[in-house]
Peer 1: 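Handing you this structure, nothing more for now.
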There are 2 protein chains.
Amino acid sequence: MIRKYPFDDDLLENLPLPTASFFVLFALADADKHGYRIMQDIRELSGGTVSLGPATLYTTIRKLSDQGLISETSESSGDERRRIYALTSGGRRLLGAEFHRQQQLLDLARRMKVLKIGEQK
Amino acid sequence: MIRKYPFDDDLLENLPLPTASFFVLFALADADKHGYRIMQDIRELSGGTVSLGPATLYTTIRKLSDQGLISETSESSGDERRRIYALTSGGRRLLGAEFHRQQQLLDLARRMKVLKIGEQK
DNA sequence: CTTGACTCTATCCGTTTTAGATATATCATG
DNA sequence: CATGATATATCTAAAACGGATAGAGTCAAG
């Protein structure tokens, strides 16, 4: 059987990611962060179109943590309240799979000519 | 104020689209279709990762219809049971805005180097 | 100092979105 | 005419999401 990309089946089964989960993983991709910072960065990453409230944020963080996709680090930053999270290798792989799925879909849309080729400007 | 893309604000406020809504609009982008066909095409478009059950499908169709993003056409096809839907101009514009949002995000991920540039193979 | 704005985590509660099961009827094929 | 795919639809429950609220720690300005 031909596989275009080396993903486990159980990885694929988690796709597509819910919006909140996707953005939390995305926000953690470049650095370890605490919840409030994740919230701010998501707003910026998304150009303001996505902003999680505290309920969605902390609920999602707990869920991802339970699933082993992110983990709390032991490093302490100035502010003692902060709980800092990092992507696990599984989380990073899942995020990569989601990016890949999205790009595949956009490429397909272009081939179908339902998405104007450049779409830029 | 500088706008990168000429979208209404109220259009932006509907983004990101829920997965089911996005895929229904996407499936209707190349041709008018009835519900059952939309369901089949979504499974194919998504490479099997997304398959809506009847509940999600028809609930979503009704919602999009109420919002004026799709509309039932009057054309009849052989099978009398079929109710055929088409994208409205608003629906097409919203779909375009969603595609644009997704591509922007993927481009950003590449610039941040959290998405390996080719990701191919 | 202290006051007020911001930071930070957290939960309550309701709404929206999604999924499985089920129902009912029509169509196509052998 | 029977069997399986087609086709629409709803019931019920779970998952995802968002606003409101809470409480405590930080920090800068006066």
Side-chain angles (χ1 to χ4, degrees), chain A residues 13-28 32-44 46 48-67 69-73 75-86 94 98, chain B residues 12-28 31-44 46 48-67 69-73 75-86 94 98:
Chain A
E13 274 160 31
N14 291 334
L15 304 186
L17 291 179
T19 304
S21 297
F22 167 70
F23 274 98
V24 169
L25 295 181
F26 190 1
L28 287 175
D32 302 348
K33 293 166 191 170
H34 57 96
Y36 193 78
R37 179 70 189 282
I38 291 171
M39 196 183 73
Q40 294 174 314
D41 284 2
I42 286 175
R43 200 171 300 149
E44 197 181 333
S46 69
T49 59
V50 176
S51 63
L52 308 186
T56 305
L57 175 69
Y58 291 105
T59 304
T60 301
I61 285 176
R62 171 165 305 178
K63 191 187 64 174
L64 294 174
S65 199
D66 289 347
Q67 292 173 164
L69 298 168
I70 64 177
S71 65
E72 194 172 349
T73 68
E75 49 173 326
S76 68
S77 64
D79 196 330
E80 202 55 45
R81 297 169 297 172
R82 292 178 178 166
R83 307 180 60 177
I84 299 180
Y85 297 92
L94 183 57
E98 174 64 14
Chain B
L12 272 305
E13 273 159 31
N14 292 335
L15 304 185
L17 292 179
T19 305
S21 297
F22 167 70
F23 274 99
V24 169
L25 296 181
F26 190 2
L28 286 174
D32 301 349
K33 292 165 191 174
H34 62 274
Y36 194 78
R37 179 70 190 283
I38 291 171
M39 195 183 73
Q40 295 173 314
D41 285 2
I42 286 175
R43 200 170 301 147
E44 196 180 334
S46 70
T49 58
V50 176
S51 64
L52 308 185
T56 304
L57 175 70
Y58 291 105
T59 303
T60 301
I61 284 176
R62 171 163 305 178
K63 191 189 64 172
L64 294 175
S65 200
D66 289 347
Q67 292 174 165
L69 298 168
I70 64 177
S71 66
E72 194 172 350
T73 69
E75 50 174 324
S76 67
S77 65
D79 195 330
E80 202 54 45
R81 296 169 297 171
R82 292 178 178 168
R83 308 180 61 176
I84 299 180
Y85 298 92
L94 183 58
E98 174 65 14

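Order of the sequence lines fixes the chain letters, A, B, ..., with proteins taken first and strands second; residue numbering starts at 1 for each chain. These numbers come from the heavy atoms of this one structure, side chains and all, not from hydrogens, waters or symmetry mates.
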Peer 1: Whole-Å distance between C/dT7 C1' and A/Leu57 CG?
Peer 2: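 Checked: the CG to C1' distance equals 13 Å.
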Peer 1: Might you list the N or O atoms of the protein lying below 3.5 Å from N or O atoms in nucleotides 23-26 of chain C, with each pair's distance?
Peer 2:
| unit_1 | atom_1 | unit_2 | atom_2 | d |
| --- | --- | --- | --- | --- |
| C/dT26 | O2 | B/Arg81 | NH1 | 2.6 |
| C/dT26 | O2 | B/Arg81 | NH2 | 3.3 |

Peer 1: Can you find a pair of side-chain heavy atoms, one from B/Ser65 and one from B/Arg83, that are under 4.5 Å apart?
Peer 2: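 When only atoms from C-beta onward are counted, B/Arg83 and B/Ser65 do not touch, as no gap falls below 4.5 Å.
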Peer 1: What is the distance, to the nearest angstrom, from the CD1 atom on A/Ile84 to the C1' atom on C/dT9?
Peer 2: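 Going from CD1 in A/Ile84 over to C1' in C/dT9 covers 13 Å.
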Peer 1: At what distance, to the nearest 0.5 angstrom, does CZ of A/Phe23 lie from CD1 of A/Ile38?
Peer 2: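 So the CZ of A/Phe23 and the CD1 of A/Ile38 are separated by 13.5 Å.
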Peer 1: Return the 5'-most residue of the pair B/Arg82, A/Ser51 with respect to DNA chain D, ranking by each residue's nearest nucleotide.
Peer 2: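 Its nucleotide being nearer the 5' end, the pick is B/Arg82.
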Peer 1: With a 4.0 Å limit, can you tell me whether A/Arg62 has a side-chain N or O closer than that to the phosphate oxygens OP1/OP2 of C/dT11?
Peer 2: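 Affirmative; the distance criterion is met.
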Peer 1: Taking atom C1' of C/dT18 as reference, at what distance in whole Å does atom OH of B/Tyr58 sit?
Peer 2: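 Spelled out: OH on B/Tyr58 to C1' on C/dT18 is 16 Å.
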Peer 1: Mind checking whether B/Leu17 and B/Leu15 have side chains closer than 4.5 Å, heavy atoms only?
Peer 2: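 The answer is yes; the side chains approach within 4.5 Å.
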Peer 1: Between B/Asn14 (CG) and D/dG18 (P), how many Å, whole number?
Peer 2: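 So the two atoms are 13 Å apart, to the nearest Å.
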Peer 1: Do the rings of A/Tyr36 and A/His34 sit parallel, tilted or perpendicular, given the 30° and 60° boundaries?
Peer 2: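 Rings of A/Tyr36 and A/His34: parallel, under 30°.
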Peer 1: Please report the shortest heavy-atom distance between A/Met39 and A/Leu52, naming the atom on each side.
Peer 2: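 Closest approach of A/Met39 to A/Leu52: CG-O, 3.4 Å.
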Peer 1: For A/Thr19, report the nucleic acid contact type (base, sugar-phosphate, nothing); a contact means any heavy atom under 4.0 Å.
Peer 2: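 Here A/Thr19 touches the backbone only, sparing every base.
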Peer 1: If every non-hydrogen atom of A/Pro18 is compared with every non-hydrogen atom of A/Lys63, which pair is closest and at what distance?
Peer 2: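 Heavy atoms of A/Pro18 and A/Lys63 come nearest at CG-NZ, 4.1 Å.
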Peer 1: Expressed in angstrom and rounded to an integer, what is the separation of A/Phe22 atom CZ from D/dC17 atom P?
Peer 2: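 Going from CZ in A/Phe22 over to P in D/dC17 covers 12 Å.
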Peer 1: Can you list everything that forms a side-chain contact (heavy atoms from CB on, under 4.5 Å) with A/Glu44? Sequence neighbours excluded, please.
Peer 2: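 A/Glu44 satisfies side-chain contact (heavy atoms from CB on, under 4.5 Å) with no other residue.
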Peer 1: Which of these passes side chain to side chain contact (heavy atoms under 4.5 Å, CB included) with A/Tyr85: A/Ile61, A/Asp32, A/Val24?
Peer 2: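 Of A/Ile61, A/Asp32, A/Val24, side chain to side chain contact (heavy atoms under 4.5 Å, CB included) with A/Tyr85 is met by A/Ile61 alone.
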Peer 1: Measure from CG on B/Leu15 to P on D/dG18 and round the result to the nearest Å.
Peer 2: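 My rounded result for the distance is 13 Å.
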Peer 1: Rounded to the nearest angstrom, tell me the gap between atom CZ in B/Phe23 and atom C1' in C/dT18.
Peer 2: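 So the CZ-C1' distance, B/Phe23 to C/dT18, works out to 14 Å.
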Peer 1: Among residues 33-43 of chain B, which residues get a heavy atom nearer than 4.0 Å to DNA chain C?
Peer 2: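 Contacts with DNA chain C under 4.0 Å: none.
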Peer 1: Side chain of A/Ala55, heavy atoms from C-beta onward: which of C/dC12, C/dA19, C/dC8 has the nearest atom to it?
Peer 2: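 The closest nucleotide is C/dC12.
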Peer 1: State whether B/Lys63 places a side-chain N or O below 4.0 Å from either non-bridging phosphate oxygen (OP1 or OP2) of C/dT17.
Peer 2: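 Indeed, a polar side-chain atom of B/Lys63 lies that close.
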Peer 1: Heavy atoms, side chains only, cut-off 4.5 Å: are B/Arg62 and B/Tyr58 in contact?
Peer 2: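 A side-chain contact under 4.5 Å is absent here.
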